[in-house]
Amino acid sequence: MAQQEVREGWRTGFGFILAAAGSAIGLGNIWRFPYITGQHGGAAFVLIYLLCVALIGLPVMLCEISLGRHTGRNPVGAFRKLNPSSCLLAHLFGAGIALCGVMALLMKSWGWGGLLLLIGVLIFKYRWTLVGVMGVVAGFVILSFYSVVAGWTIGYVFKAATGQLAFETMEAANASFVGFIGHPGWAILCHFLFMALCVVIVCRGIRGGIEKVSKLLMPVLLGLILMLIVRGLTLPEAREGVRYYLSPDFSKITPQCILQALGLAFFSLSLGMGAMITYGSYVSKGQNLFKSTLAIVGLDVLIAFLAGLAIFPAVFALGFKPDVGAGLAFVALPAVFNQMPQGLLWAFVFFLLLLVAALTSGISLLEVVVAYWVDERGWTRKKATLVFGGCIFALGCLCAASVMDWTHIQPVQRALTTMFGRTKDSFFDTMEVVSDWMLSLGGLLIALFVGWIWGVRRATNEIRQGSENFADVHLWSVLAGLKDDPSHNSDVHVITLASVWGVFVRFICPVAIVIAFLNTIGWLELKGPETIPEPEPAAIELEAETEAP
Ligand code: TRP
């Protein structure tokens, strides 16, 4: 059971912000964000992404951090501490899912039936604590494939250093990439190296491990990315790429891509699985949670934006196309760099950047799992890190062995097909899809829990500690910089940061996430011609007008 020894915390508030930003800034920003932006026509997608981050990501992040600091626990402990002793909603929901499970069993769908029955019973019994459990499980699942991709970056850093990335064409780069990731031996070796790095850092604890490494690596990351930007922008013809990246073309915006932006925002901000609950649990009561959240989100968006600025000008300048999809970083960029003077050096810098970003995120994923075993089960940090680092490594080996198809692990595919009827294209894809589900569902439940169960009032009381009068001054006065002006400090204000946040957490975020979730699981297919208007017409028109000549 929970042990209440003195719990380690961040050394400084700044250390927390860097560590949390380190968790947020990762492959999501530097690998996924640019390629998805490239597929969706550049600037317009960037704007939508910013809206999703500001309107949905930011409020949910504040939920997670305040939950964490209030309870001082890992996700499971946090929900357990605040779990209401009875919750009609949870009982109904659990019973409903269990019933679905029974029906599925009757229809001889053993895998789904068993799974639903189990989940239903667990919800019935444990109620909201299960949200935390799902977070810990998601940590396993995400890190298992995340660390495989991060392993590729280790491989590519090595290849760049030894001169193996000189490709004349994209076809050659692609053949080499496919050969590399399709070779389980290499993929597993690199995956092992990455997991070993994570384990070593997490073993050393919060201050001596995670905080120290973040303080060291985040400036390195910024330095690397700035180097790449300067290089990219000084290429002849770089302007084309900058224009593509900064001039929005709203005809490319579809409902589908808004949802993708929301999913990306969640993944990129490390939301939906309690990573921020865990990091928040090490924060001191004197910290201003509003400002910290803003800083973390701001840094995350900044780095994503800079990553695009580092990549697109170079891609355009050297005559490549931006819409090549997931292979942008590993296939197109090596070919792009090869055309530059000292291309291998730049490739090295780029993959090192990816690796640094992935490392600070990987440790946050592992920390969620470790914190649970340390807080709730009384394990030592070292034992928990080694054991679960090992388990995640094992699960990741399956991902590494099955990135594109099932050839290397056919028995696993057979088992999964027998249970669930069909499978995705590979084990890697399966893990990715499962984690998408878990993150959206987790984000939804966290917002609902804070908004309706724990309550915005109690959450605000937590946030008030260390936040001066941020929560209670009229929002307009805060924005205007008149927060501390005596004439702006009456206590009759209704529109405050706290009240606006409450409305978002209770209504706007859950609705938006439900729509995105139904789309993720394929129950709602929002499709349309490319010109379907987007749901923020006012903002868009404004932008479009300023764009018009
Ligand atoms: N945010 C990281 C990225 O952008 C990935 C990540 C780390 C993450 N921890 C997480 C995603 C927790 C979801 C939840 O690459």
Side-chain angles (χ1 to χ4, degrees), residues 24 45-67 89 128 131 253-274 276-277 280 289-290 293-294 296-298 300-301 436-460 462-463 470-472 474-476 478-479 493-521 523-524 526 532-543:
F45 180 82
V46 178
L47 271 176
I48 306 291
Y49 177 72
L50 289 179
L51 280 178
C52 290
V53 166
L55 300 183
I56 315 294
L58 200 84
V60 175
M61 166 100 59
L62 191 54
C63 288
E64 286 207 18
I65 297 181
S66 52
L67 262 178
L89 189 71
W128 290 91
V131 181
I253 297 298
T254 60
Q256 195 59 39
C257 92
I258 299 171
L259 296 174
Q260 217 175 353
L262 186 61
L264 183 66
F266 258 69
F267 184 83
S268 172
L269 292 170
S270 301
L271 295 177
M273 58 151 285
M276 290 298 162
I277 297 183
L289 296 188
F290 277 119
T293 306
L294 209 60
I296 297 163
V297 172
D300 184 69
V301 169
D436 274 352
W437 283 42
M438 286 181 155
L439 290 186
S440 341
L441 196 58
L444 172 67
L445 293 172
I446 288 170
L448 286 177
F449 184 78
V450 172
W452 298 95
I453 307 290
W454 186 33
V456 173
R457 200 169 58 81
R458 268 172 284 196
T460 305
E462 174 60 38
I463 296 170
F470 259 94
D472 306 303
H474 197 289
L475 185 57
W476 194 247
V478 175
L479 292 178
H493 293 309
V494 177
I495 301 190
T496 60
L497 264 180
S499 68
V500 171
W501 177 66
V503 172
F504 269 88
V505 169
R506 284 160 72 97
F507 302 103
I508 300 177
C509 298
V511 170
I513 302 171
V514 164
I515 295 177
F517 180 65
L518 292 181
N519 178 72
T520 312
I521 64 176
W523 285 10
L524 178 85
L526 293 176
I532 278 207
E534 95 109 57
E536 299 278 350
I540 301 306
E541 268 162 30
L542 206 72
E543 285 300 325

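Side-chain atoms are counted along with the backbone in the values below, which use heavy atoms only and exclude waters and symmetry mates.
Nearest heavy atom pair, residue Glu64 against residue Met273, reads OE2-N, 3.9 Å. Closest of all the heavy-atom pairs between Ala516 and Leu259 is CA-CD2, 3.6 Å. For the pair Phe266 and Gly443, the tightest heavy-atom approach, listed with the atom from each and the gap, is CE2-CA, 3.6 Å. Of all non-hydrogen atoms in Val456 and Arg506, the two that sit nearest each other are CG2-CD, 3.8 Å. Closest heavy-atom contact between Cys52 and Ala265: CB-CB, 4.2 Å. Looking at every heavy atom in both residues, Ile48 comes nearest to Ala261 through CG2-CB, 4.0 Å.
For Ile495, the side-chain contact (heavy atoms from CB on, under 4.5 Å) partners two or more places apart in sequence, or in a different chain, are His474, Leu475, Val500. Under the side chain to side chain donor-acceptor pair (under 3.5 Å) criterion, Ser268 pairs with Asn29, Tyr49, Asp300, sequence neighbours left out. Qualifying side chain to side chain donor-acceptor pair (under 3.5 Å) partners for Gln260, counting only residues two or more places apart in sequence or in other chains: His40.
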Q: Please assess Val450 against Leu62 for the test side chain to side chain contact (heavy atoms under 4.5 Å, CB included), listing each intermediate value before the final yes or no.
A: CA-CA 10 Å; Val450 172; Leu62 191 54; over 6 Å; no
Fill in: Stepwise side chain to side chain contact (heavy atoms under 4.5 Å, CB included) test for Trp501 and Thr496
CA-CA 8 Å; Trp501 177 66; Thr496 60; over 6 Å; no
As a quick check of understanding, evaluate side chain to side chain contact (heavy atoms under 4.5 Å, CB included) for Phe290 and Ser66, giving each step before the final call. CA-CA 10 Å; Phe290 277 119; Ser66 52; over 6 Å; no
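Thr460 contributes atom OG1, which lies 11.0 Å from atom CG of Leu289 (distance to the nearest 0.5 angstrom). In this structure, Asp472 CG and Leu497 CG are separated by 9.5 Å, a value rounded to the nearest 0.5 Å. For the atom pair CD (Glu462) and CZ (Arg457), the distance works out to 13.5 Å, reported to the nearest 0.5 Å. Atom CG of residue Leu445 and atom CD1 of residue Ile453 lie 10.0 Å apart, to the nearest 0.5 angstrom. In this structure, CG in Leu262 is found 11.5 Å from SG in Cys257, a value given to the nearest 0.5 Å. A distance of 10.5 Å separates CG in Asp436 from CZ in Phe517, rounded to the nearest 0.5 Å.
Side-chain contact between Ile508 and Leu55: absent, with no pair of heavy atoms (C-beta onward) separated by less than 4.5 Å. Using a 4.5 Å heavy-atom threshold, the side chains of Leu271 and Leu439 count as separate. Ile65 has its side chain within reach of Ile296: a pair of non-hydrogen atoms, C-beta onward, lies under 4.5 Å apart.
Taking the six-membered ring for Trp and the full ring otherwise, Phe449 and Trp128 have centroids separated by under 6.0 Å.
The aromatic rings of Phe507 and Trp452 sit perpendicular, their planes meeting at an angle over 60°, well past the 30° parallel limit.
Here the rule is side chain to side chain contact (heavy atoms under 4.5 Å, CB included) with Val301, and of Leu58, Val46, Val53 only Val53 fits it.
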